[in-house]
Amino acid sequence: MPHSHKWHQHYKRNTISKNGKTFIIHCGTNDLEQIDASQILVKLKTLENQLHKKYPQSRVIISLLLPRADKLNGAVNSLNETIQKEFKDIAHTALVEHNNITPQ
């Protein structure tokens, strides 16, 4: 897979052109090393919006960021809270939490 900060380009190139009913987006944890959390949120919103425009009956599942065992874990928690607020009321979009995973 390409560098993590280019996940959206890889996703669009390899998946968005295919006909799908359910899309799972799992991204962002490694991106925090390269780009600001606000940029990750903008890219995530853009991708989710593009999927719903192209496939209006599809379901988008957003996998929240996984916890980290370093100084960026606070940013992960903050971004996860923001994602939950931003996407909680969007039709055909679900969020998946990873509360059972702890960083080692």
Side-chain angles (χ1 to χ4, degrees):
M1 173 168 266
H3 297 297
S4 62
H5 65 280
K6 294 186 180 184
W7 59 267
H8 62 286
Q9 293 169 352
H10 174 77
Y11 183 84
K12 285 191 254 186
R13 181 178 66 244
N14 291 315
T15 307
I16 207 165
S17 62
K18 297 176 183 171
N19 196 9
K21 295 179 183 173
T22 301
F23 296 91
I24 299 172
I25 303 172
H26 179 76
C27 59
T29 305
N30 293 331
D31 298 311
L32 283 170
E33 297 173 6
Q34 309 260 334
I35 61 177
D36 185 76
S38 63
Q39 291 175 306
I40 294 170
L41 183 62
V42 167
K43 291 176 186 227
L44 184 57
K45 289 169 102 175
T46 300
L47 181 56
E48 188 270 345
N49 192 22
Q50 288 173 340
L51 288 170
H52 279 302
K53 281 185 179 179
K54 186 162 184 166
Y55 307 104
Q57 298 305 314
S58 70
R59 182 169 187 198
V60 176
I61 300 170
I62 299 173
S63 172
L64 296 179
L65 281 68
L66 296 173
R68 294 179 59 123
D70 62 10
K71 64 182 180 181
L72 293 174
N73 196 52
V76 165
N77 293 334
S78 177
L79 184 53
N80 279 342
E81 288 177 18
T82 302
I83 291 170
Q84 288 173 321
K85 290 176 187 171
E86 293 284 333
F87 291 93
K88 70 177 181 174
D89 296 324
I90 298 177
H92 304 289
T93 298
L95 300 172
V96 175
E97 297 182 50
H98 304 288
N99 296 330
N100 60 334
I101 298 175
T102 57
Q104 299 295 321

- prompt: Taking the inter-plane angle between the rings of H98 and H26 on a 0 to 90° scale, is it parallel (under 30°), tilted (30 to 60°) or perpendicular (over 60°)?
  reply: perpendicular
message: Please enumerate all residues that pass salt bridge (charged side-chain N to carboxylate O under 4.0 Å, His left out) together with D36, with sequence neighbours excluded.
response: none
message: I need the T29 OG1 to L72 CG distance, nearest 0.5 Å.
response: 10.0 Å
message: If hydrophobic clusters are built by linking Ile, Leu, Val, Met, Phe, Trp and Tyr wherever their side-chain heavy atoms come under 4.5 Å apart, do L66 and L79 end up in the same one?
response: no
message: Just so I know, are the side chains of Y55 and K21 near enough to count as touching, which here means a heavy-atom distance under 4.5 Å?
response: no
query: Just by modelled atom types, is the F23 backbone N or O under 3.5 Å from a matching donor or acceptor in the R59 side chain?
result: no
message: If I take atom CG from residue L32 and atom CD from residue Q39, how far apart are they, to the nearest 0.5 angstrom?
response: 10.5 Å
field: Check: V76 and N73 side chains under 4.5 Å, non-hydrogen atoms
entry: yes
message: Using 0.5 Å steps for rounding, measure from the SG atom of C27 to the CD1 atom of I62.
response: 8.0 Å
task: Could you grab the distance from atom CD1 of I83 to atom CD of E48, nearest 0.5 Å is fine?
output: 11.5 Å
- prompt: Which one of L47, T22, L51, N49 satisfies the side-chain contact (heavy atoms from CB on, under 4.5 Å) criterion with V60?
  reply: L51
query: Does L41 reach the side chain of T82, with side-chain heavy atoms less than 4.5 Å apart?
result: yes
task: To the nearest 0.5 angstrom, please state how far the OG1 atom of T93 sits from the CD atom of E86.
output: 12.5 Å
message: Between N80 (side chain only) and N77 (backbone N and O only), is there a donor and an acceptor less than 3.5 Å apart?
response: no
query: Is there side-chain contact between T102 and P67, with at least one heavy-atom pair below 4.5 Å?
result: no
- request: Quick one: pull up CG in L64 and CZ in F87 and give me the separation to the nearest 0.5 Å.
  value: 10.0 Å
task: Would you confirm whether T46, through its side chain, and V42, through its main-chain N or O, come within 3.5 Å as a donor-acceptor pair?
output: yes
